Amino acid sequence: MSFCLTNFVPVRMIEPVPQALTLELSAYGFAKSYCRSHGITDAESFGTIIHETRQKFEKFALSPSVIKRRQLVFFPRLSDISFSNGEFTVAEPEHEYMQLFDNYENLQAKDIKTRHSSYAKVADGCLKEMYGDAEEAPDDLIHVTCSGYLAPSPVERMVAGKEWFNTTVTHSYHMGCYGAFPAIKMAHGFLSSSQFAMTKPKDRVDIVHTEVLSVHRGIEELKAENIITMTLFADGFIKYSMVTEDYLRERGLRGLRILAFNEHLLPNSADDMTWVPGSTRFHMTLSVMVPVVIKQSVRPFVEQLLQRVGVDFEHDKHRLIFAIHPGGPKIVEHIQEALGLEPDQVAISNSVFTENGNMSSATVPHILKEILEEPSIPAGVRIVSLAFGPGLTITGLVAEKI
């Protein structure tokens with residue numbers, strides 16, 4: 001029995017914000033926060049601080065040439081922003097839960113409990129978009145996120161509210177950018193176990209990603225890593241299904257047949273990427289060694305992964321398409337170089353990053369959606385998906401387009 005990924009449905013909660021605007025307003029916010037905490041009130045000193053802040057952004061921020069726009073739920077709307085006499089004025093948001101600071105004047109950050117409550121509001125709205133008109137309940141529903149944890153979760157509340165009492169909810173949390181892969185393995189396992197009468201018969205498991213990285217925005221420390229993460233990450237929302245191949249063909253759907261998985265930790269890299277709770281938000285650290293460690297490890301990992309499906313990487317690599325999580329602007333480039341790939345083999349990975357930024361665990365599902373819908377990629381093509389996260393963890397799967 002084969003199992004397939006299908007029915008990728010992304011959701012847009014707000015209009016994406018142009019990257020150029022996010023850089024300018026974020027730099028302004030950092031400067032205002034610095035002046036507030038250091039008691040600086042005169043215009044001349046503020047002018048000096050904002051100039052120095054913009055210089056740091058020019059050095060460390062992801063430019064509009066790399067990322068065009070990002071979906072950021074917790075960022076001022078364009079209609080709420082005005083600029084005159086060298087100063088931004090930002091209107092308070094329509095809903096109180098959208099405000100991450102006491103107000104835009106004092107910029108005092110709200111605590112992590114309050115931000116999680118705000119996350120829940122967004123997740124609730126996202127699930128309503130995904131399942132508002134749904135008549136057929138999935139056998140299982142797996143919720144993936146690294147940006148908000150509540151019990152009961154928004155997914156549990158939604159399932160209970162719809163009286164889908166035969167739907168089992170499972171949570172796959174806090175694995176960051178590779179989070180889709182454990183969830184896909186879970187879904188595959190749930191369907192597999194049902195074939196051996198370990199559970200009731202099943203033919204569909206839904207996977208839902210609600211990544212709201214913007215809820216962890218902070219402007220209290222003007223460090224390089226804060227500038228990078230603030231200008232790299234975006235919010236991402238998508239659902240898709242793991243189904244039996246019979247289910248897929250009976251409904252005339254296109255899909256990706258799962259062929260193989262692999263995952264392991266990389267040596268001497270535990271502190272190169274972290275994602276830990278703080279008093280007001282989650283804090284990320286990203287070492288400059290992350291791309292180096294990945295580049296050193298990716299080729300043997302891919303070779304071993306493909307051996308599981310009888311594919312000789314060096315002989316057959318030109319026939320493959322790659323869905324690589326673009327953790328940053330250099331990750332795909334480093335992997336392309338390490339594996340000796342042509343630009344068209346990683347083009348969709350690059351385009352999804354350019355158009356959306358890094359949506360953490362939701363990114364690879366967006367890439368897989370584009371590969372599935374791309375008419376120039378015919379049925380029968382093998383897709384190698386790769387992602388990386390804290391640990392450092394490298395994970396991958398091989399699928400076939402059908």
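Just so it is clear, the structure is predicted and the values come from calculations on it, not from any experiment.
Under the 4.5 Å side-chain criterion, counting only non-hydrogen atoms from C-beta, Ile371 is not in contact with Val381. Inter-residue side-chain proximity for Glu24 and Phe57 is flagged as unmet; no heavy-atom pair is nearer than 4.5 Å. Contact annotation: the side chain of Ser153 approaches that of His171 to within less than 4.5 Å [non-hydrogen atoms, C-beta and beyond]. Taking 4.5 Å as the limit, every side-chain heavy atom of Arg69 sits out of range of all side-chain heavy atoms of Gln19. Residues Leu232 and Thr229 form no side-chain contact, since every pair of their non-hydrogen atoms from C-beta on lies 4.5 Å or further apart. Counting heavy atoms from C-beta outward, Asp272 and Val293 have side chains that approach closer than 4.5 Å. Tyr173 is not listed as a side-chain neighbour of Val144, based on a closest heavy-atom distance of 4.5 Å or more. Side-chain contact check for Leu266 versus Gln296: every heavy-atom pair is 4.5 Å or farther apart.
A donor-acceptor contact shorter than 3.5 Å links the side chain of Lys401 to the backbone of Ile377. Counting only distance, with no hydrogens or angles, the side chain of Thr395 and the backbone of Glu263 share no donor-acceptor pair below 3.5 Å. With hydrogens and angles ignored, the 3.5 Å screen pairs no side-chain donor or acceptor of Ser214 with any backbone N or O of Leu72. Listed for the Ser37 side chain is a donor-acceptor partner under 3.5 Å among the backbone atoms of Tyr34. Thr6 places a side-chain N or O within 3.5 Å of a backbone atom of Arg254 that can act as its donor or acceptor partner. In this structure a side-chain-to-backbone donor-acceptor pair under 3.5 Å is missing from Arg319 to Arg382. The backbone N or O of Ile219 lies less than 3.5 Å from a partner atom in the side chain of Ser33, making a donor-acceptor pair. With Thr363 contributing its side chain and Asn358 its backbone, the two residues share no donor-acceptor pair below 3.5 Å. The main-chain N or O of Leu392 is found under 3.5 Å from a side-chain atom of Ser269 such that the two form a donor-acceptor pair. Side-chain atoms of Thr231 come within 3.5 Å of backbone N or O of Leu62 as a donor-acceptor pair.
Judged by the 6.0 Å distance and 45° axis criteria, Lys162 is not positioned over the aromatic ring of Tyr131.
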Working for side-chain contact (heavy atoms from CB on, under 4.5 Å), residues Phe75 and Thr22
CA-CA 8 Å; Phe75 196 87; Thr22 72; 4.1 Å; yes
Could you go step by step and tell me if Ser63 and Ser65 meet the side-chain hydrogen bond (donor to acceptor under 3.5 Å, both in side chains) rule?
CA-CA 5 Å; Ser63 75; Ser65 65; 2.6 Å; yes
Check: Going through the distances and angles, do Val243 and Asp203 end up as a side-chain contact (heavy atoms from CB on, under 4.5 Å)?
Finding: CA-CA 5 Å; Val243 300; Asp203 57 16; 6.0 Å; no
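A salt bridge links Glu303 and Arg299; the closest N-O separation between the charged side-chain nitrogens and carboxylate oxygens is under 4.0 Å. With respect to the salt-bridge test (charged N to carboxylate O, under 4.0 angstrom), the residues Glu342 and Lys317 do not qualify.
The two residues Val122 and Met13 have their closest heavy-atom pair at O-CE, 3.8 Å. Across Ala379 and Ile402, no two heavy atoms sit closer than the pair CB-CA, 4.3 Å.
Taken from CE in Met130 to CD1 in Ile238, the straight-line distance is 7.5 Å, to the nearest 0.5 Å.
More than 12 heavy atoms of other residues, nucleotides or ligands shown are found within 6.0 angstrom of CG on Asp344. For His51, the NE2 atom sits in a loose shell: 12 or fewer heavy atoms of surrounding residues, nucleotides or ligands are nearer than 6.0 Å. Other residues, nucleotides and ligands contribute more than 12 heavy atoms inside 6.0 Å of the NE2 atom of His318.
The aromatic rings of Tyr119 and His116 sit tilted, their planes meeting at an angle between 30° and 60°.
A donor and an acceptor atom, one from each side chain of His283 and Asn226, are nowhere located under 3.5 Å apart. Side-chain atoms of Glu211 and Ser147 include a donor-acceptor pair closer than 3.5 Å. Of the N and O atoms on the side chains of Asp206 and Ser241, at least one donor lies less than 3.5 Å from an acceptor on the other residue. Residues Ser192 and Gln195 bring no donor and acceptor atom of their side chains to less than 3.5 Å of each other.
Residue pairs meeting the ring-ring contact (aromatic ring centres under 6.0 Å, His included) criterion with at least one member in residues 205-262, sequence neighbours excluded: Phe8-Tyr240, His188-Phe261, His209-Tyr240, His216-Trp275, His216-Phe282.
For Phe301 and Phe313, the ring centers sit 6.0 Å or farther from each other.
A side chain to side chain contact (heavy atoms under 4.5 Å, CB included) with Phe30 is found for one member of Lys56, Met230, Glu52 and no other, namely Met230.
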